[in-house]
There are 2 protein chains.
Amino acid sequence: MTTDTTPLTHIVDDDEAIRDALSWLFRTRNVPCATWASAEDFLAAYQEDWRGCIVMDIRMQGMSGLDCSTAVRQRGSTLPIIFITGHGDVPMAVGALKRGAFDFIEKPFDDNALVDIVQSALDEDARNQARRSARVDVAARLEQLTGREREVMGLILAGKFNKVIADELNISMRTVEVHRARVFEKMGVRSAVELAQQLTLAGLYNSATPSAE
Amino acid sequence: MTTDTTPLTHIVDDDEAIRDALSWLFRTRNVPCATWASAEDFLAAYQEDWRGCIVMDIRMQGMSGLDCSTAVRQRGSTLPIIFITGHGDVPMAVGALKRGAFDFIEKPFDDNALVDIVQSALDEDARNQARRSARVDVAARLEQLTGREREVMGLILAGKFNKVIADELNISMRTVEVHRARVFEKMGVRSAVELAQQLTLAGLYNSATPSAE
DNA sequence: GCCGCTATTGTGGATGACCGCAAGCCTGCC
DNA sequence: GGCAGGCTTGCGGTCATCCACAATAGCGGC
């Protein structure tokens, strides 16, 4: 669907020496990477479908790493972000992590430790991607539904019989059947059970399962 | 179900002055709290159904706060833990948060800030509790199922017809129907759709929805 | 040996789901 | 006006589900 985006470790640092050192480190460990000389450069190039992770300095000329992470998150990214800092403190680290950073390490850092962290960040991104692509797929299918079909789908997921649905919508049972069939077809499922699983998993639908007890 | 456990903010600190100060702070802000003079004391008293949050010093006589958090997590607790430290550093804070701590603050701290943090921790616990109680409920129902019933349920959730299920289990369709009815009854649902929703939501069942496309 | 639980099966009927075929109505667009 | 897409409906039939009634059988415990 999307262009074949290879997972990349994006190095964002205004210090060329650091960029070169990190770039060399990752390449020698077979971790594909790209470098950016500023948060602005990175944000200008950033595409929604990028995968991998970000290794970014907190303090940079121009936009800071924290602001950059906020900006990239606002654009819908879930790329794991690893912050590097030379002059960090506890509140800064806590704030970054609570806002969703993947890790926060201080210079000087251990090469092996950083590579390990990057690896786990890449793993996490891969997992996220799988979940997200499922959600996107389901969302796209939902888009195809007509208004009436969505309406009928809701009632199906509420566990109602075609007869009841027909009654509530003031249409004939046959019409409900047609809509129902279209919903299944467009959603790519073959039963109401599959439909429920798909939507519940994707978290895109919440029926008020009224288990009266 | 569980005894009426009021949300409590548990203060764990070996320094009596701090305990008293925190206890006073919380009480004057209408935050019910309890105090413990050591990690060991807390762990000895801890009950699974406790709700609220934990405010704990990292460095204490005897068991450290980090070890205590590990211990309490191993006992299944998801209580939000707020660490307090006088001599913390970045790696310690990062490690604590990555292991699931709710927050990590340094002494001296701002009273208002701490109360705010505790409030959001209590909120999070309340949210967790709601989700967890649903999961526990479903798990309890699953427990009631006999082996055969669980087996049949799996095939139902795989979207198979009774006929196919009967075939795979080498039993008659009628028997499948009986098991099916019992599964619905014990799980408190009235259709396969509800069953799928309940289990998928609780995250207690994952059918390999094989949407071949 | 009797009881309770689980697993098993059959018959027959009511109800619901699914489908092909056929067709009418309305709306927006070229 | 014609065409496409969405919404609607009916008929008749097949297949699946649900259920009441009825019954057999093994297993562990009192």
Side-chain angles (χ1 to χ4, degrees), chain A residues 138-200 205 207 209-213, chain B residues 138-200 205 207 209-213:
Chain A
V138 172
R141 289 172 185 279
L142 280 176
E143 278 302 305
Q144 296 182 338
L145 296 182
T146 66
R148 207 53 157 170
E149 284 162 359
R150 250 188 290 276
E151 212 166 350
V152 170
M153 188 184 76
L155 297 169
I156 291 173
L157 291 173
K160 300 185 177 173
F161 294 140
N162 286 352
K163 186 168 60 170
V164 179
I165 296 174
D167 223 60
E168 288 193 22
L169 298 181
N170 282 314
I171 54 181
S172 83
M173 241 182 71
R174 186 65 186 86
T175 308
V176 174
E177 290 173 21
V178 173
H179 288 315
R180 186 188 187 104
R182 282 221 193 296
V183 168
F184 286 0
E185 185 190 340
K186 290 185 179 176
M187 297 302 292
V189 298
R190 285 183 322 289
S191 70
V193 174
E194 279 187 33
L195 183 67
Q197 289 172 339
Q198 235 182 68
L199 291 182
T200 311
Y205 194 86
S207 66
T209 317
S211 46
E213 291 185 276
Chain B
V138 172
R141 289 172 185 281
L142 280 177
E143 278 302 306
Q144 296 183 337
L145 296 182
T146 66
R148 206 52 156 170
E149 285 162 359
R150 250 188 290 275
E151 211 167 350
V152 171
M153 188 184 76
L155 297 170
I156 291 174
L157 291 173
K160 299 185 178 174
F161 294 139
N162 287 351
K163 186 168 55 170
V164 179
I165 297 174
D167 222 59
E168 289 192 22
L169 298 181
N170 283 313
I171 54 181
S172 82
M173 238 182 72
R174 188 64 188 86
T175 308
V176 174
E177 289 174 23
V178 172
H179 288 315
R180 185 187 187 104
R182 282 223 193 295
V183 168
F184 287 180
E185 185 191 339
K186 289 185 179 175
M187 296 302 292
V189 298
R190 285 183 322 289
S191 70
V193 173
E194 278 185 34
L195 183 67
Q197 289 173 339
Q198 234 182 69
L199 291 182
T200 311
Y205 193 86
S207 66
T209 317
S211 47
E213 290 186 281

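Quantities reported herein were computed from a predicted structural model and do not represent experimental measurements. Residue numbering restarts at 1 for every chain, and letters A, B, ... go by the order of the sequence lines.
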Nucleotide C:dT8, atom P - distance to CD1 of B:Ile165 in whole Å: 13 Å

Rounded interatomic separation in angstrom, taking CZ from B:Arg180 and P from D:dC19: 10 Å

More than 12 heavy atoms from other groups under 6.0 Å of CZ on A:Arg148: yes

Atom pair distance, as rounded to whole Å: CD in B:Glu151 and C1' in C:dA7: 12 Å

C:dG16 OP1/OP2 closer than 4.0 Å to side-chain N/O of A:Asn162: no

Spacing between B:Arg182 atom CZ and D:dC18 atom C1', to the nearest angstrom: 14 Å

Spacing of A:Glu194 atom CD relative to C:dA17 atom P, expressed in whole Å: 17 Å

Side-chain N or O of A:Lys163 closer than 4.0 Å to phosphate OP1/OP2 of C:dT15: no

A:Met153/A:Leu142 under side chain to side chain contact (heavy atoms under 4.5 Å, CB included): CA gap, chis, key distance, verdict: CA-CA 10 Å; A:Met153 188 184 76; A:Leu142 280 176; 3.6 Å; yes

Positions of residues 169-179 of chain B (non-hydrogen atom under 4.0 Å from DNA chain C), listed by number: B:Ile171, B:Ser172, B:Arg174, B:Thr175, B:Val178, B:His179

Euclidean distance, atom CZ of residue B:Arg190 to atom P of C:dG16 [Å, nearest integer]: 14 Å

Whichever of B:Thr146 and A:Phe161 has its nearest DNA chain C nucleotide further upstream toward 5': B:Thr146

CD1 on A:Ile156 to OG on B:Ser191, rounded to 0.5 Å: 11.5 Å

A:Phe184 CZ to C:dG16 C1', straight-line distance once rounded to whole Å: 13 Å

Charged N-O contact under 4.0 Å between B:Lys160 and B:Glu168: yes

Side-chain ion pair, B:Glu177 and B:Arg180, N-O less than 4.0 Å: no

Side-chain donor/acceptor of B:Thr175 to backbone N/O of B:Ile171, under 3.5 Å: no

Separation of atom CZ in A:Arg148 from atom C1' in C:dC25, rounded to whole Å: 14 Å

Residue that, paired with B:Lys186, satisfies side chain to side chain donor-acceptor pair (under 3.5 Å) out of B:Glu149, B:Glu143, B:Gln144: B:Glu149

